[in-house]
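Side chains are part of it too, since the values below use all heavy atoms of this structure and drop only hydrogens, waters and symmetry mates. Each chain gets a letter, A, B and so on, in the order its sequence line appears, and its residues count up from 1.
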2 protein chains.
Amino acid sequence: MGRRRQSVTIKHVAADAGVSLQTVSRVINNEPNVRPAMKAKVQASIDKLGYVPSIAARRMSGSRSYLILAINDRDRTIADWQARDGRDWVDQMLLGGMLTAAERGYRMIFELVDTHSDHVERELGAAIAALQPDGVIVTPPHSENPQITGFLAESGIPFARIGSTEEGPGIRMTMGDELLAGKATDHLIELGHTRIGFIAGPDEYSLAGWRVDGWREAMENAELDCEGLLEKGDFSFESGLPAARALLDRATPPTAIIASSDQMALATLDVAKERGLRVPQDLSIVSFDNTPVVRFCTPALTALDQPIARTAARAVELLIDLRNNGIPEAPVVVEGELIVRGSTARAPSERKN
Amino acid sequence: MGRRRQSVTIKHVAADAGVSLQTVSRVINNEPNVRPAMKAKVQASIDKLGYVPSIAARRMSGSRSYLILAINDRDRTIADWQARDGRDWVDQMLLGGMLTAAERGYRMIFELVDTHSDHVERELGAAIAALQPDGVIVTPPHSENPQITGFLAESGIPFARIGSTEEGPGIRMTMGDELLAGKATDHLIELGHTRIGFIAGPDEYSLAGWRVDGWREAMENAELDCEGLLEKGDFSFESGLPAARALLDRATPPTAIIASSDQMALATLDVAKERGLRVPQDLSIVSFDNTPVVRFCTPALTALDQPIARTAARAVELLIDLRNNGIPEAPVVVEGELIVRGSTARAPSERKN
DNA sequence: CTCACGATTGATAACGTTCTCATTCAAATC
DNA sequence: GATTTGAATGAGAACGTTATCAATCGTGAG
C-alpha cells in the first residue's frame with residue numbers, strides 16, 4: 001500500500017499558470033496584493049485542473065485546519081438515541097452547523113464526550129490534539145462544566161458556549177429562554193388562564209432556571225400567583241409524570257401547564273388523559289421543544305421553537321470570523337418563537353376564584 | 001497570527017524515550033518487529049506526555065487520513081429537516097457511524113450532495129480532494145446513481161453502497177427489505193387478514209421495489225391475491241393520502257395496509273379517520289419506518305425497525321478493515337425486525353369474501 | 001534622472017508524520 | 001568459524017501547503 005497522492009496539487013496549478021506556489025496560495029486564500037490579471041490567470045488554471053486544496057496540508061503548514069468541532073454529551077445523546085426520541089439537538093446542530101461550515105469551506109465534526117467522567121479533559125484533549133480544530137462548539141451541560149470551558153480556554157482554541165451566559169472565556173450564546181418562557185406564559189394569560197403551572201428542568205442546566213425566571217416574571221407582571229405552581233423534572237418522560245400529577249392534584253389545579261421539554265409535555269398529556277381531562281378544553285399544554293412528536297400527538301402541542309440549527313450556524317460563523325472580528329462582548333441571543341397548535345385554548349370559565 | 005503548533009509531537013516522545021521517530025511511529029501504529037521492552041518504554045513516554053498523533057500530519061505522510069465520509073442527498077435531507085421530521089436517516093447514520101469510527105480512532109464527516117445536479121461529480125470530487133477520506137458511505141438514492149458510484153470507483157476510494165445490491169464496485173449493503181416486508185405481511189396474515197394493501201415508495205429507490213417483492217411473495221405463499229392492492233407514493237405524507245384513499249375506495253377494501261414510510265403510514269391513519277374507520281379494529285396499519293412519531297401517534301403504529309445505525313456502523317468497520325480483509329463478495333445484510341404496537345389487530349370478521 | 005517606497009511576486013524553510021532504504025545485531029545454516 | 005537470513009532500529013526524503021523573508025517592479029517625489 002503505497003503513499004496515496006493528491007491528484008492535482010498546488011504545484012500543478014503553479015506550473016500550468018507559470019507562476020510560483022506562493023502566488024497560487026495567495027489566490028486560493030483570497031489575499032490582497034495580487035494583480036487582477038494574475039489572479040484571473042491562476043483562477044483559470046485552478047478551474048481547468050479542478051484543483052481543491054488539501055485540508056490536511058493546509059493544517060500542517062498554516063494556522064487553520066478548516067475544522068469545527070462540536071461536542072455533545074455522550075451519555076445523554078446515546079440515551080436519547082436508544083429511546084428513539086429527542087435527538088433533535090444533535091440533529092439540528094449537525095445540519096445547521098454543517099451547512100454553514102460547508103459554505104465557508106469548513107467541515108464540522110461531532111464528538112461525544114462524557115461530561116460526568118473524571119477524564120473529560122483527556123478525552124477532549126485527545127480530540128483537539130488529533131484534529132486541531134479552529135473552533136469548538138460546546139452544548140449544555142458541557143457548556144457549564146468549568147473543567148471543559150477551563151480546559152478549552154487554556155488550550156487557546158476559540159469556542160462557543162451554547163446555553164451559557166456566565167461571564168468567562170468563549171463566545172456566549174443563548175436561545176433567549178427567558179423571553180421564550182415569557183411568550184408562552186403571555187399567550188396563556190391572553191387566553192384567560194390565571195393558574196399556569198410550570199414543569200422545570202434540572203438545575204444542572206442554567207437554561208432550566210432562565211425558563212422558570214421568564215415564567216415567573218410574566219406571571220408577576222400580570223399580578224398572578226406562582227405559589228405551588230412550580231414542579232421539577234429532568235427533561236425525561238418519566239420525570240414528567242409525577243410533576244404533572246403533583247400540579248393537577250392541587251385543590252385548585254392549574255388550567256394550563258408549560259413543560260420544559262417535549263417529553264415532559266407528553267407526560268402531562270398522558271396524566272391529563274388519566275385524570276379524564278380534555279386537552280385543550282380543560283387543560284392547556286405548552287411544550288418547550290418543538291420536536292416532530294409534538295406535531296403528531298393528539299392534539300398537536302403548542303410549542304416553543306428553539307432555533308438550535310440557527311444557533312449552531314451562528315456559532316460556526318462567529319468562530320470562523322473570530323480572527324477578524326474578535327469575540328462578541330455580550331451574549332449572542334438567537335431567539336425562537338411560539339408555535340400555536342391545538343393544545344392551548346381559552347381557560348375554562350371559572351366557578352370560583 | 002503565527003503558525004499554530006502541536007503541543008506534543010512525535011519528536012518530543014522520541015526525545016523523551018531516547019529512540020528514533022520511526023520507532024515511535026511503529027509503536028503508535030502497532031506495527032510488528034518492535035521488541036516488547038522497547039514498546040513499553042515508548043508507550044510510557046507517550047502516556048507521560050499525553051501524546052496524540054495529528055491526523056493532518058498522518059494524512060500528509062501516510063496512506064490513511066482516518067476520515068470516513070458519509071454522503072447524503074442534500075435536497076432530501078434539508079426538506080426533511082425543514083418539515084421537522086423524518087430525519088432519522090441522517091441522525092442514525094451519524095450516531096451509528098460516529099461511535100464505531102471513534103472507537104477505531106477514525107472520524108466520520110457528513111457531506112450533503114445534490115444527486116440530481118449535473119455537477120454531482122464536481123461537488124463530490126471537491127469533498128474527496130479536500131478531505132482525502134479512507135472510505136465513503138453512500139446512501140440511497142446516491143448509492144444507485146451510476147455517476148456517483150462510477151466516480152468513486154474511478155477515484156479508487158473504497159466505498160459502501162447502502163440500499164443497493166446491484167453488481168458493481170464497492171461494498172454492497174442492505175437492510176433486508178424483502179425479508180422485512182415479508183415479516184410485516186406474515187404478521188398480518190397470522191392475524192387473519194386476507195386483503196393486505198401496500199403503499200410502495202418511488203422507483204428511484206431499489207429498496208422500494210424489494211419491499212414490494214417481499215410483500216408479494218408473502219401474499220403468494222399464502223395464496224392471497226395482490227390484485228389492486230398496490231399503490232405508489234414517494235415516501236411523503238402528501239403522497240400517502242391519495243394512495244390510501246385509492247386503496248380504501250375499492251369495492252372490497254383491504255383490512256390492513258403496509259406503508260413504505262412513516263409519513264405515508266401517518267397519512268393512511270388520517271385517511272382512516274376521515275373515512276370513520278377505527279384503527280386497528282377496522283383497519284390495521286404497519287409502517288416501514290420506526291421514527292419517533294409512530295410511537296406517539298394514536299394508536300402507536302406497528303412498525304418495521306430498519307437498523308440504519310447498525311448498518312452505518314458495519315459499513316464503517318468494513319471500510320476500515322478493507323485494507324486487510326478486502327471487500328465482501330456478497331451483499332452484506334443487516335436485518336431489522338418487526339415491532340408490534342397498537343395499530344395491528346385481528347382482521348374484522350368478514351360478511352362475505 | 002535618481003531615489004525611496006509600496007505593491008507584487010518568488011524562493012526557501014518549516015509543519016508532523018510515514019515511507020523507503022540502510023544499518024546493526026543476533027540467530028541459524030553450512 | 002564464516003555466511004546467510006531475518007528481526008530490530010535508525011536516517012533522510014517526501015507529502016502539500018503556508019509563513020517568512022528576499023527580490024523585483026513600478027511610480028511618484030525630489
- prompt: Got a sec, which residues hit salt bridge (Lys or Arg N to Asp or Glu O under 4.0 Å) with A/E123, two or more places apart in sequence or on another chain?
  reply: A/R74
- line: The answer to which of B/Y51 and A/R35 contacts DNA chain C further toward the 5' end, by nearest nucleotide, is A/R35
Among D/dT18, C/dT17, D/dC15, the nucleotide that comes nearest once only the side chain of A/I28 is considered: D/dT18
query: From C/dG10, C/dG16, D/dT18, pick the nucleotide closest to the side chain of A/N29?
result: D/dT18
- prompt: Considering only side-chain heavy atoms of B/L21, which listed nucleotide, C/dT18, C/dA11, D/dG16, is closest?
  reply: C/dT18
message: Quick check: closest heavy atoms across B/A313 and B/T100, and the distance to 0.1 Å?
response: CB-OG1, 3.1 Å
field: Cationic N near anionic O, under 4.0 Å, B/R161 to B/E144
entry: no
- request: With DNA chain C as reference, determine whether B/A56 or B/Q22 sits nearer its 5' end, using the nearest nucleotide of each.
  value: B/A56
- prompt: Looking at B/R104 and B/E317, does any basic side-chain N land under 4.0 Å from a carboxylate oxygen?
  reply: no
- prompt: Of all the nucleotides listed (D/dT9, C/dT17, C/dA11), which has the minimum atom distance to the side chain of B/A57?
  reply: C/dT17
query: Do A/Q6 and D/dC15 have a side chain to base donor-acceptor pair shorter than 3.5 Å?
result: no
- prompt: C/dT18 C1' sits how many Å from A/R5 CZ, rounded?
  reply: 13 Å
task: Using a 4.0 Å heavy-atom cut-off across all strands, classify B/P32 as base, sugar-phosphate, or nothing.
output: nothing
- line: Rounded to whole Å, the CZ-C1' distance (A/R64 to D/dT17) equals 12 Å
message: Looking at B/E166, I want to see if its CD is surrounded by more than 12 non-hydrogen atoms of other residues, nucleotides or ligands under 6.0 Å.
response: no
message: Does a side-chain N or O of A/S61 approach OP1 or OP2 of D/dG16 to a distance below 4.0 Å, or not?
response: no
query: Within the pair A/N33 and C/dA7, is there a side-chain N or O less than 4.0 Å away from OP1 or OP2?
result: no
query: When you match B/R26 and A/S7 each to their closest nucleotide on DNA chain D, which lands nearer the 5' end?
result: B/R26
message: From C-beta outward on A/S54, which listed nucleotide comes closest to its side chain: C/dC19, D/dT17, D/dT9?
response: D/dT17
query: What integer distance in Å separates A/M60:CE from D/dT17:C1'?
result: 9 Å
statement: To the nearest angstrom, the NE2-P distance between A/H12 and D/dG16 comes to 8 Å
Distance in angstrom units between A/K11 NZ and D/dT17 C1', rounded: 10 Å
B/R59 (side chain) and C/dG16 (base): donor-acceptor pair under 3.5 Å: no
message: Given A/D16, which partner from the list A/K41, A/K11, A/K48 fulfils the side chain to side chain donor-acceptor pair (under 3.5 Å) test?
response: A/K48
- request: Check the distance between D/dG16's C1' and A/Y66's OH and give it to me in whole angstrom.
  value: 13 Å
- prompt: For A/E31 and C/dT9, what is the distance between atoms CD and C1' respectively, to the nearest whole Å?
  reply: 12 Å
message: Just the rounded figure in Å: distance from P of C/dT17 to CG of A/L131.
response: 13 Å
field: Phosphate contact (D/dT17 OP1 or OP2) by A/S25 side-chain N/O below 4.0 Å
entry: no
